[in-house]
Amino acid sequence: MSVPKYHELMRPLLDLIADGRARNLREASQELAERLALTDEDLAEILPSGHSRYLNRVGWAKSDLNKTGLIESCGRGLFRISEKGCAALPDLPFQLDRKYFETRGMGSWKAVASPDPDAPGISLGAEPDETLTPEEQIDETLAEIQEALEQEVLTQLRSINPASFERFVVRLLAAMGYGVGEVTGRSGDGGIDGVIYEDRLKLDRIYLQAKRWADAPVGGPDINGFLGALAKHGANRGVFVTTSRFTQDARRAVELPHLRLVLIDGEELARLAVEHNVGVSLKRRIELKRLDSDFFDDL
């Protein structure tokens, strides 16, 4: 058989991990290939980018399932079926696609036309959007790829331990150009988790608080606790980072004229990580060229 389309791999992938065992993507792909009786020829198919077509499709099937909440990260590079996935599995049809999940409020994707049937920007079964130019279609598709990557980064950050998350935040702020930093506190101590030194003499400092929370929002009392910790250090600059979100009370708590306190929620954190290449790597570089009219005018 030929390599199945990526949406055709969703249900088989769920069936594979229904045993609850944690797997990484490569291990799951190998087991799935055996279940589907894929040939060596099937597995040898290569995309124009040089990557395996099969692994690419399994990766996107996993990405979509992660967005629906049917699977969850459970360690570095590991994933498994979630409680939600276990409960839903008996009633799921054999053929799953984005349209099925969207109609049930289990995720949403941009509907974008593309000549590549593997591209994640396609809502399966949708007609191409003829109002978009080819360049606009590329932009829309890249935007969705970025969105999916940011969601994967955020999911991964929510699965690492608090100490690793604090180190991640320090490295991200350093990558953003705010100077070198270090982790200084202990997770859950209600104080300072890290500090960024903006100069070599460590005179200018930005203090950090990092909350690796999945669902619970950061509220006003959490911000007030951080403000108290800043006051003990005689500081008026800080960054409060969380993988969840901030309540309105939390955002109001930082509206003080003498303070420079920045709040970064989970979505913005993932966006910044991708933008500054922290926790992600370059997969493929695409060049888009245009006609150079000046060149021909000078001939």
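When reading the values below, keep in mind they use all heavy atoms of this one structure, side chains included, and skip hydrogens, waters and symmetry mates.
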Would you check if Tyr207 and Thr184 make a side-chain contact, meaning some heavy-atom pair closer than 4.5 Å? no
Are Lys67 and Glu144 ion-paired here, with the side-chain N under 4.0 Å from a carboxylate O? no
To the closest 0.5 Å, what do you measure between OG1 (Thr243) and CD (Gln156)? 12.0 Å
Quick check on the hydrophobic clustering: are Val218 and Val254 connected, directly or via other members, by side-chain heavy-atom contacts under 4.5 Å? yes
Would you compute the distance between atom CG of Asp215 and atom CZ of Arg245 and round it to the nearest 0.5 angstrom? 9.0 Å
Taking the basic N atoms (NZ, or NE/NH1/NH2) and the acidic carboxylate oxygens, is any pair closer than 4.0 Å for Arg251 and Asp265? yes
Starting at NZ of Lys283, measure out to CD1 of Ile145 and round the result to the nearest 0.5 Å. 8.0 Å
Over all atoms of both residues, closest heavy-atom pair of Val170 and Glu182: CG1-N, 3.7 Å
Taking C-beta and beyond as the side chain, do Thr242 and Asp222 meet within less than 4.5 Å on heavy atoms? no
May I have the step-by-step check of side chain to side chain contact (heavy atoms under 4.5 Å, CB included) for Ile192 and Phe226, ending in yes or no? CA-CA 7 Å; Ile192 303 299; Phe226 184 46; 3.6 Å; yes
Taking Leu272 as the starting point, is it possible to reach Val262 by hopping between hydrophobic residues whose side chains are less than 4.5 Å apart? yes
Tightest non-hydrogen contact, residues Thr68 and Lys84, listed as O-NZ, 2.9 Å
Given side chains that start at C-beta, do those of Val241 and Phe165 come closer than 4.5 Å, heavy atoms only? yes
Min side-chain heavy-atom separation Phe79-Leu65 under 4.5 Å: no
Taking all atoms of both residues into account, what is the closest heavy-atom pair of Ser244 and Ala214, and its distance? CB-O, 4.1 Å
Interatomic spacing from CD1 in Ile46 to CG in Leu55 - rounded to 0.5 Å: 8.5 Å
Does any part of the side chain of Pro221, heavy atoms only, come nearer than 4.5 Å to the side chain of Asp249, both counted from C-beta? no
How far apart are the closest heavy atoms of Leu32 and Leu13, and which atoms are they? CD1-N, 4.1 Å
In Å and rounded to the nearest 0.5 Å, what is the OH to CG distance from Tyr54 to Asp42? 10.0 Å
Does any non-hydrogen side-chain atom of Arg57 lie less than 4.5 Å from one of Lys5? yes
Between Arg212 (side chain) and Arg158 (backbone), is there a donor-acceptor pair under 3.5 Å? yes
Side-chain heavy atoms of Leu70 within contact of Met106, under 4.5 Å: yes
Would you call Arg252 and Glu255 a salt bridge, taking side-chain N to carboxylate O under 4.0 Å as the test? no
Mind checking what makes side chain to side chain donor-acceptor pair (under 3.5 Å) contact with Glu152, not counting sequence neighbours? none
For a quick test of reading the model, state the closest non-hydrogen atom pair linking Arg285 to Leu282 and the distance between them. NH2-CD2, 3.2 Å
Following the transitive rule for hydrophobic clusters with a side-chain heavy-atom cut-off under 4.5 Å over Ile, Leu, Val, Met, Phe, Trp and Tyr, establish whether Trp213 and Leu154 coincide in one cluster. no
Listed by chain and number, what are the side-chain contact (heavy atoms from CB on, under 4.5 Å) partners of Asp19, not counting sequence neighbours? Arg21, Arg23
Side chain to side chain donor-acceptor pair (under 3.5 Å) partners of Ser29, counting only residues at least two apart: none
Using the side chain to side chain donor-acceptor pair (under 3.5 Å) criterion, which residues pair with Asn66? Sequence neighbours excluded. Thr155
Which residues pass the side-chain contact (heavy atoms from CB on, under 4.5 Å) test with Asn161, not counting sequence neighbours? Ala163, Ser164
With a cut-off of 6.0 Å (strictly less than), are more than 12 heavy atoms of other residues, nucleotides or ligands near OH of Tyr100? yes
Mutual orientation of the aromatic rings belonging to Tyr6 and Trp60 [parallel < 30°, tilted 30-60°, perpendicular > 60°]: perpendicular
Results of side-chain contact (heavy atoms from CB on, under 4.5 Å) for Gln146 - residues two or more places apart only: Glu150, Val274
Tightest non-hydrogen contact, residues Glu27 and Ala22, listed as OE1-O, 4.4 Å
With the 4.5 Å side-chain cut-off for hydrophobic clustering, are Leu78 and Ile17 part of the same group? no
Given side chains that start at C-beta, do those of Met10 and Phe101 come closer than 4.5 Å, heavy atoms only? yes
CG (Leu261) and CG (Leu230) are apart, to the nearest 0.5 Å, by 6.5 Å
